[in-house]
Amino acid sequence: MNLRTKILTISDSVHQGTREDKSGPAIADHLRAAGYTVSDPEVLPDEQDQITTWLRTVINSQHTDIIFTTGGTGIAPRDITPEAIREVIDREIPGFGELMRQSGRQFTPLASLSRSLAGSAGTVLIIALPGSPKGALQSLNAILELVPHVHDLLNGRTAHK
């Protein structure tokens, strides 16, 4: 299955150039190794209007099946990724966030503070991963096997296997 994927790193410091983006490239490498078609990661600051505009542009382009975001899922005042995603999705998929937090708690109790989530906007699946490379990859691994099935369902392929 050729799933077209975009990655958005959401980080004020990466956007300002004061910190290197390690999460976006780590996610991209992991997805490419799993057979996904991945565009180079893009970066935006923790600004809700910029994030929602970017998400809507990608969704409306009809050239992307899955969007992964990394960063902005914590509880700090500037962590607004879940709010931005909820603005553009039609339906939330609560089990993804639950599974990412449950899996993360095997590595750190701080995983319970994550507000990672997933949802659909039309046929596009959007998944918000934590901002740390380690947390992002742990969360990605927790849900990755479900992604192709969700993609099938969003695209009307609902036959039971």
Side-chain angles (χ1 to χ4, degrees), residues 3-34 36-61 63-90 92-121 124-144 146-147 150:
L3 296 175
R4 303 165 300 170
T5 306
K6 286 210 177 265
I7 299 167
L8 176 63
T9 298
I10 300 166
S11 168
D12 288 334
S13 58
V14 172
H15 186 261
Q16 293 165 355
T18 59
R19 190 170 56 85
E20 180 185 354
D21 180 14
K22 294 183 180 178
S23 297
I27 294 165
D29 290 345
H30 195 76
L31 290 170
R32 285 184 186 112
Y36 289 68
T37 301
V38 184
S39 301
D40 288 336
E42 298 182 43
V43 178
L44 285 177
D46 294 279
E47 293 292 341
Q48 189 165 341
D49 60 336
Q50 290 183 45
I51 298 165
T52 57
T53 297
W54 186 91
L55 289 169
R56 286 187 177 115
T57 300
V58 171
I59 292 163
N60 292 332
S61 76
H63 297 293
T64 302
D65 300 307
I66 306 158
I67 299 169
F68 288 93
T69 67
T70 178
T73 61
I75 58 171
R78 300 252 327 138
D79 290 336
I80 47 76
T81 300
E83 288 76 16
I85 289 174
R86 284 189 178 108
E87 238 184 89
V88 302
I89 60 174
D90 305 316
E92 191 166 332
I93 307 169
F96 271 55
E98 294 163 7
L99 189 54
M100 289 187 277
R101 282 182 288 282
Q102 176 189 17
S103 174
R105 281 192 291 273
Q106 296 174 26
F107 304 100
T108 175
L110 298 178
S112 296
L113 301 178
S114 172
R115 298 184 310 127
S116 292
L117 60 86
S120 61
V124 178
L125 175 61
I126 304 171
I127 302 170
L129 302 170
S132 75
K134 187 175 178 180
L137 291 177
Q138 289 168 349
S139 292
L140 179 59
N141 284 329
I143 54 89
L144 194 57
L146 301 173
V147 170
V150 172

> Say you draw a straight line from CG of L55 to OG1 of T69; how long is it, rounded to the nearest 0.5 Å?
Replying inline: 7.5 Å
> Any side-chain heavy-atom pair from Y36 and I27 closer than 4.5 angstrom?
Replying inline: no
> Rounded to the nearest 0.5 Å, how far does OG of S39 lie from CG of L31?
Replying inline: 11.0 Å
> If only atom types and distance count, is the side chain of R101 paired as donor or acceptor with the main-chain N or O of S114 below 3.5 Å?
Replying inline: yes
> Is a side-chain N or O of R86 found less than 3.5 angstrom from the main chain of G119, in a donor-acceptor match?
Replying inline: no
> Just how far is it from atom CD of E47 to atom CD1 of I10, taken to the nearest 0.5 Å?
Replying inline: 11.5 Å
> For S103, what residues pass the side chain to side chain contact (heavy atoms under 4.5 Å, CB included) criterion, not counting sequence neighbours?
Replying inline: F107, A142
> If you look at every heavy atom in M100 and S116, which pair is closest and at what distance?
Replying inline: CE-CB, 3.8 Å
>> If you apply the rule side-chain contact (heavy atoms from CB on, under 4.5 Å), what do you find for W54 with V88, and how did you get there?
In response: CA-CA 10 Å; W54 186 91; V88 302; over 6 Å; no
> Who are the side chain to side chain contact (heavy atoms under 4.5 Å, CB included) partners of N141, not counting sequence neighbours?
Replying inline: H30
Enumerate donor-acceptor pairs with a distance under 3.5 Å from any side-chain N or O in residues 124-139 to protein atoms, sequence neighbours excluded.
from, atom 1, to, atom 2, distance (Å)
S132, OG, G135, N, 2.9
S139, OG, G135, O, 3.1

>> What I want to find out is whether R78 reaches D12 closely enough, with some N-O distance under 4.0 Å, to be called a salt bridge.
In response: yes
> Of all residues at least two apart in sequence or in a different chain, which pass the side chain to side chain contact (heavy atoms under 4.5 Å, CB included) check with D21?
Replying inline: T9, V14, S23, P25, P41, V43
>> Using 0.5 Å steps for rounding, measure from the CG atom of D40 to the NZ atom of K6.
In response: 9.0 Å
>> I'd like to know whether R56 forms a side-chain contact (heavy atoms from CB on, under 4.5 Å) with T53, so could you lay out the CA-CA distance, the side-chain angles of the two residues, the decisive distance to 0.1 Å, and finally the verdict.
In response: CA-CA 5 Å; R56 286 187 177 115; T53 297; 5.8 Å; no
> Can you tell me how far the OG1 atom of T108 sits from the CG atom of L113, to the nearest 0.5 Å?
Replying inline: 8.5 Å
> Going by heavy atoms in the side chains, are R105 and S112 under 4.5 Å from each other?
Replying inline: yes
>> Going by the rule side chain to side chain contact (heavy atoms under 4.5 Å, CB included), which residues pair with Q48 if we only count those two or more places apart in sequence or in a different chain?
In response: T52, I80, E83, A84, E87
> So, D29 and K22, do they make that salt bridge, N to O below 4.0 Å?
Replying inline: no
> Say you draw a straight line from CD1 of I67 to CD1 of I7; how long is it, rounded to the nearest 0.5 Å?
Replying inline: 11.0 Å
>> Run the side chain to side chain donor-acceptor pair (under 3.5 Å) test against T5 and tell me which residues pass, sequence neighbours left out.
In response: none
>> Run the side-chain contact (heavy atoms from CB on, under 4.5 Å) test on I93 and L146 for me, step by step, so that the C-alpha distance in whole Å, both residues' side-chain angles and the decisive distance to 0.1 Å come before the verdict.
In response: CA-CA 12 Å; I93 307 169; L146 301 173; over 6 Å; no
>> If we ignore hydrogens and angles and just use 3.5 Å, is the side chain of T18 paired with the main-chain N or O of S13 as donor and acceptor?
In response: yes
